[in-house]
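All residue numbers refer to positions in the sequence shown, counting from 1. Keep in mind that the numbers below use all heavy atoms, side chains included, and drop hydrogens, waters and symmetry copies. Remember, it's a predicted structure, so these values are computed and weren't measured experimentally.
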Amino acid sequence: MSNLGVWMGKSEENKAAEYEIEAFYDLGCPYSRKAYNNFQTVLAKHGDRIRVRAYLIALPVHYSAFLAAVAAQVVLAEKGAEGFFKFVEAAFKAQEELLFNDKTLDKTRAEMLAALAGIASDAAGVDKEGFAAKCEEWTFKGPAFKVWQYSVARGLGGTPKYIINGFVNSAIQSAWGVDEWEKNGVVVAAKNE
């Protein structure tokens, strides 16, 4: 498991977990949004049995996704994991209005960064002042780029994707909730359930 991702929930503390999951999402991908939201049921039920790191990658078909991933790195640096996930959830909620290609094609980079600054400010309390300039610094672009490199090295060509205990599981569908994760043996229900 790479240290490039961000621990979800109380995963960092759960060192004896049965399952280590790396979850890869793209903020411009509607399937990622659905999978992220559905995965929250898995995390809620099995949070004591799993360790999860989330990674934001940018597929080349989602034009604004890399800027969004860089913006998330700024939020992470300023507000920690809690702020990062508040930003992720708010960006997913604003996805159709802000991050879909048809909404971004005629926007300038400055307009996109201003919109992302608004999300970061509203969701995580990040100061809008200087936010766009930070998104242009390698301090924040670098980690977003390394996450993308890591996903490519693992053979991930799309999102959402999950690596379970070191192995890519391409069967997981974005529509899966906790029942499907259990039924398909990805996370086995505890013996007392």
Does any non-hydrogen side-chain atom of E136 lie less than 4.5 Å from one of V70?
no

Test item: E78 side-chain N/O and V75 main-chain N/O as donor-acceptor pair under 3.5 Å:
no

To the nearest 0.5 Å, atom CG of L98 lies from atom CG of L116 at 5.5 Å

By the ring-ring contact (aromatic ring centres under 6.0 Å, His included) test, which pairs, at least two apart or in different chains, include something from residues 58-88?
none

For I50 and I21, work out which heavy atoms get closest and say how close.
CG2-CD1, 4.1 Å

L27 and F92: side-chain contact (heavy atoms from CB on, under 4.5 Å), yes or no, with the steps?
CA-CA 6 Å; L27 290 175; F92 276 141; 3.8 Å; yes

Beyond-backbone contact of R33 with P30, side-chain heavy atoms, under 4.5 angstrom
yes

Note, V126 side chain near K79 side chain (heavy atom, < 4.5 Å):
yes

For A91 and I119, the nearest pair of non-hydrogen atoms, with its separation, is N-CG2, 4.0 Å

Within this structure, what is the CZ-OH distance for the pair R51 and Y19, rounded to the nearest 0.5 Å?
16.0 Å

Short side-chain to backbone donor-acceptor contact, Q95 and C29, under 3.5 Å:
yes

Could you walk me through whether W181 and K45 pass the side-chain contact (heavy atoms from CB on, under 4.5 Å) check?
CA-CA 11 Å; W181 277 72; K45 184 171 182 182; over 6 Å; no

Contact summary for A81 and L76, nearest pair of heavy atoms:
N-CD1, 3.8 Å

Is the closest side-chain heavy-atom distance between F145 and Q149 below 4.5 Å?
yes

How many angstroms lie between OG in S64 and CE in M112, if you round to the nearest 0.5 Å?
4.0 Å

So, do E137 and K134 sit near enough that their side-chain heavy atoms are less than 4.5 Å apart?
yes

Separation of D26 CG from L99 CG (nearest 0.5 Å):
9.0 Å

I need the minimum non-hydrogen distance between P143 and Q73, along with the two atoms involved.
CB-OE1, 3.4 Å

Here the gap from E182 atom CD to H46 atom NE2, rounded to the nearest 0.5 Å, amounts to 3.5 Å

Give every donor-acceptor pair under 3.5 Å between a side-chain atom in residues 156-167 and any protein atom, sequence neighbours left out.
{"residue": "T159", "atom": "OG1", "partner": "S32", "partner atom": "OG", "Å": "3.0"}
{"residue": "Y162", "atom": "OH", "partner": "Y25", "partner atom": "OH", "Å": "2.9"}
{"residue": "N165", "atom": "OD1", "partner": "E20", "partner atom": "N", "Å": "2.7"}
{"residue": "N165", "atom": "ND2", "partner": "E18", "partner atom": "O", "Å": "3.4"}

Establish, yes or no, whether a centroid distance under 6.0 Å links the rings of F39 and W176.
no

Please determine whether the number of non-hydrogen atoms from other residues, nucleotides or ligands lying under 6.0 Å from atom NZ of K141 exceeds 12.
yes

Hey, any chance L67 and F100 share a hydrophobic cluster, counting ILVMFWY side chains that come within less than 4.5 Å of each other, even indirectly?
no

Separation of K107 NZ from T104 OG1 (nearest 0.5 Å)
8.0 Å

For V147, run the side chain to side chain contact (heavy atoms under 4.5 Å, CB included) check against L56, L4, V152 and tell me which one passes.
L4

Scan residues 84-93 for pairs that pass side chain to side chain donor-acceptor pair (under 3.5 Å), counting only residues two or more places apart or in two chains.
Y36-E89, E82-K86

Quick one, E180 and N38 - any side-chain contact, counting heavy atoms below 4.5 Å?
no

Has E97 got more than 12 heavy atoms of other residues, nucleotides or ligands less than 6.0 Å from its CD?
yes

Looking at L43 and G9, what are the two nearest heavy atoms and their distance?
CD2-N, 4.4 Å

Is there a path from W148 to W138 through hydrophobic residues (I, L, V, M, F, W, Y) whose side chains come within less than 4.5 Å of each other?
yes

